[in-house]
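Reviewing the structure listed below.
Counting from 1, the numbers follow the sequence of the chain as shown.
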Amino acid sequence: MEVIHLAHIFMTGGTGFIGTHTLEQLSQENHTVSVLVRSSLRWEQICKELGWSYSAAPMTSRIRPVIGDLGTPGLGLSHADREKVMTANVIIHAGGPMDIRISEAKARVVFLQAAEEMLRLAADIQLRGGLKHFIHVVGFKSPWTDENMHNPAPVIAQLEQGPPYELMKCLADLRIREGAQELGFPLSIVHPSVVIGSSQHGETPQTGGLGILVRATARGLMSIVPGGSTHWLPLVHVDHVASFVNLLTKEAAPPSTQTYYLLDDPKVSLSMQELVAMIAKELRVSKPHGSISPKWLSKLLGTSLGQKLGIPKESLEFIVKKNTPFPVAPKESLLHKHKLPNKVQGEILPFTIADLDFQLVHGHMPAEGFVRGKRGPLASLERSGTGRRTSTEGLVRSDAELRLERKPLEPQKNTLLFVHGTLSGADCLLPLAAQFPEHDVCLVDLPGFGRSPYHHASDVMEGHIAALVEAIRAFDSPVTLVGHSLGGLLAAHAYARVPERIHRLHLLQPALQPAARMYRSARLNHLALRRLREKDLRKQLLAQRCFVDISDIPTSYVTYVLQELQSPRVRKSTAETLSALTRAEAFPPQQQAELLREASILWGTQDRALALAEELRSARVIEIAAAHHFPISHPELTAQLLRQQGL
């Protein structure tokens, strides 16, 4: 196959979920890419998310914005920008909102009208003899084939029975197919199934699609499964879509028209019954016990009762019968030829579910300078001390590659690995981690907290310890381990098991003694956490001396905890962990002596829930006039003391 080495690509949808991943892939090539964006500010945000310097990164000379809008005549391009775009020889049209409840008027503008504008542009480029390939990203529910597109009326009549979102997307697909035949340019139609997070770590900022199912399951609305064992929800990883589109841009002689369905074999994919059961397990709610026809459920959701449930009936459009044929041979042939993976990674699905659960309760939580990753069974937030982004599996790569491939950097210094306590998560320790710009930094969410799936082990504490040990083993070299509260206890246990993997051990208010008996019942803990409100939370935080006074409590921390506890997964994990802490076994004397020789301990003397045990005083202990949560309330002081103790 002849390959284009220096293409000029005009791309729409570059700021969307699929688009940003595709841009990352394209940045690794030698292409010039003009990206349609609504504003310079939006482009700056995308550059920041991708780890590109807006003004100085080398790839910004090759990947540049053109300001415009799909819903505007002429795409809203200035004369100068249109002249730039006219030199493109490849078009990637991936624009349009992921909003299954969009109105028909708006859908007509952003899909069908946009398709007409893209065809006008393609015609102008074609007149200059420049268009080599048009790549259109649509969706797997589009029904068009080379045969039925010549008699579209019956198909359109059927489409009109469905939601405007699908109708207008499919009409746009038809119009561009017709235009390609009229104008004579090669067309590749890419039909991704329901797009989920990266195959590396599962992050899924687009909370439609699978997120609707996760939300409904969390609310206890999926005890009866639409479609049961006879239906399935086709899924595809976003990085797999991006890599496929990137592959198509390299074809110098693509077929005149070819359609690629990016979905797995239904025979080896989870049925709806199995998928919802998995979601229920990860969210720690009751598993489903029945099924219902999607057709009947759609009628129910269309009633006033259904509207109260908050599940859009349009979402059922993506559930299909397992015996529905899809022509996947062209996709399989191309992937096989280039040895590219394109299967849903079953071991990543729990991370995708946990990530969606996190984002549904917290919303989008940017962590500037940090990227999402995965260390063993734990989700992570990571940052390189050199200003480059860290990753999690492989060799050093360029900035543009890191977010997708997550390859570990060769650290110049030991990575600082932070482990949070109960009623907390990796995000809560970001202000502390930010105090170490010179170091590679990693913050992990413990199992069942934040973005990490629960470990599902019968022994709660053993599951937490084993997960942390596995995460530590995922680093190429020993780490400096910093654990707060519960995280301090787990860090101490991890050191006892893999001391050779830990360079330095710092314990911040470690919960090395059993917790108060009031937390012994996991059921009562769960009930209390479910009823917890802001006023009560602040009162308890002060009563237990987690913070010294009201001014000591960061507003962001209270917001985080209350949002986190909206998740049934986090509530149950927290309740069981608190209960397990009341029965936490003491270290054997020999092991404790070794621990105290090696660990440094920072201890807040204002803590009323925990006391500094006499045997701990033989360790390197620094006492400070602060409460239990001092790493959260006083990150600068904590960082200063950690440096004094040695990193």
Side-chain angles (χ1 to χ4, degrees), residues 13 18 91-96 100 107-108 111-112 114-116 118-119 122-123 126 131-195 231-236 240-241 244-245 247-248 251 253-267 269 294 314 316-337 342:
I18 294 174
I91 291 175
I92 300 174
H93 181 33
I100 60 175
R108 184 177 296 277
F111 292 121
L112 192 53
E116 295 289 355
M118 295 299 294
L119 284 174
Q126 185 77 339
L131 188 58
K132 292 185 172 67
H133 201 174
F134 192 117
I135 302 167
H136 189 199
V137 181
V138 190
F140 78 104
K141 294 306 296 291
S142 185
W144 301 112
T145 65
D146 291 341
E147 291 74 30
N148 66 17
M149 64 174 285
H150 300 294
N151 181 29
V155 180
I156 293 174
Q158 184 66 30
L159 287 171
E160 287 173 340
Q161 305 300 312
Y165 174 81
E166 284 299 316
L167 170 64
M168 293 304 163
K169 280 189 73 172
C170 294
L171 290 179
D173 179 14
L174 173 63
R175 184 66 195 98
I176 287 177
R177 286 172 183 265
E178 293 171 341
Q181 288 194 355
E182 294 165 7
L183 298 169
F185 59 76
L187 173 65
S188 291
I189 304 103
V190 180
H191 284 327
S193 47
V194 175
V195 182
H231 289 66
W232 69 308
L233 183 68
L235 305 172
V236 63
H240 289 173
V241 180
F244 194 87
V245 172
L247 176 63
L248 290 174
E251 288 200 68
S256 58
T257 300
Q258 185 60 271
T259 304
Y260 302 95
Y261 285 85
L262 304 188
L263 35 68
D264 290 349
D265 182 352
K267 297 185 183 67
S269 300
E314 295 86 352
L316 299 178
E317 293 291 322
F318 302 103
I319 300 172
V320 294
K321 289 184 178 180
K322 277 220 163 194
N323 59 3
T324 302
F326 288 99
V328 296
K331 180 262 295 189
E332 293 291 348
S333 175
L334 201 58
L335 290 175
H336 178 74
K337 183 176 182 179
N342 201 231

Any chance you could lay out the side-chain contact (heavy atoms from CB on, under 4.5 Å) test for Leu248 and Leu334, step after step, and finish with the verdict? CA-CA 9 Å; Leu248 290 174; Leu334 201 58; 3.7 Å; yes
Applying side-chain contact (heavy atoms from CB on, under 4.5 Å), run through Ile100 and Glu317 and close with a yes or a no. CA-CA 9 Å; Ile100 60 175; Glu317 293 291 322; over 6 Å; no
Under the side-chain contact (heavy atoms from CB on, under 4.5 Å) criterion, do Val328 and Leu263 qualify, and how do the steps go? CA-CA 8 Å; Val328 296; Leu263 35 68; 3.4 Å; yes
Please report the C-alpha distance between Leu262 and Lys331 in whole Å, then the side-chain angles of each, then the deciding distance to 0.1 Å, and finally whether the side-chain contact (heavy atoms from CB on, under 4.5 Å) criterion is met. CA-CA 7 Å; Leu262 304 188; Lys331 180 262 295 189; 3.4 Å; yes
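Summarising the geometry, atom CG belonging to Leu167 is positioned 13.0 Å from atom NZ belonging to Lys141; distances are rounded to the nearest 0.5 Å. Note: Trp232 CH2 to Asp265 CG = 7.5 Å, rounded to the nearest 0.5 Å. Within the model, atoms CD1 of Ile156 and CG of Leu174 stand 6.0 Å from one another, a figure rounded to the nearest 0.5 Å.
The only member of Phe244, Phe140, Phe326 that meets ring-ring contact (aromatic ring centres under 6.0 Å, His included) when paired with Tyr260 is Phe244.
When all heavy atoms of His150 and Asp146 are compared, the closest pair comes out as CD2-O, 3.1 Å.
In this structure, Phe134 and His93 have perpendicular ring planes: the angle between them is above 60°, well past the 30° mark.
Applying the side-chain hydrogen bond (donor to acceptor under 3.5 Å, both in side chains) rule to pairs touching residues 172-188 yields Glu116-Arg175, His133-Ser188, Ser142-Asp173, Asp173-Arg177, Arg177-Thr259, sequence neighbours excluded.
Scored by the ring-ring contact (aromatic ring centres under 6.0 Å, His included) test, Phe318 finds no partners at all (sequence neighbours excluded).
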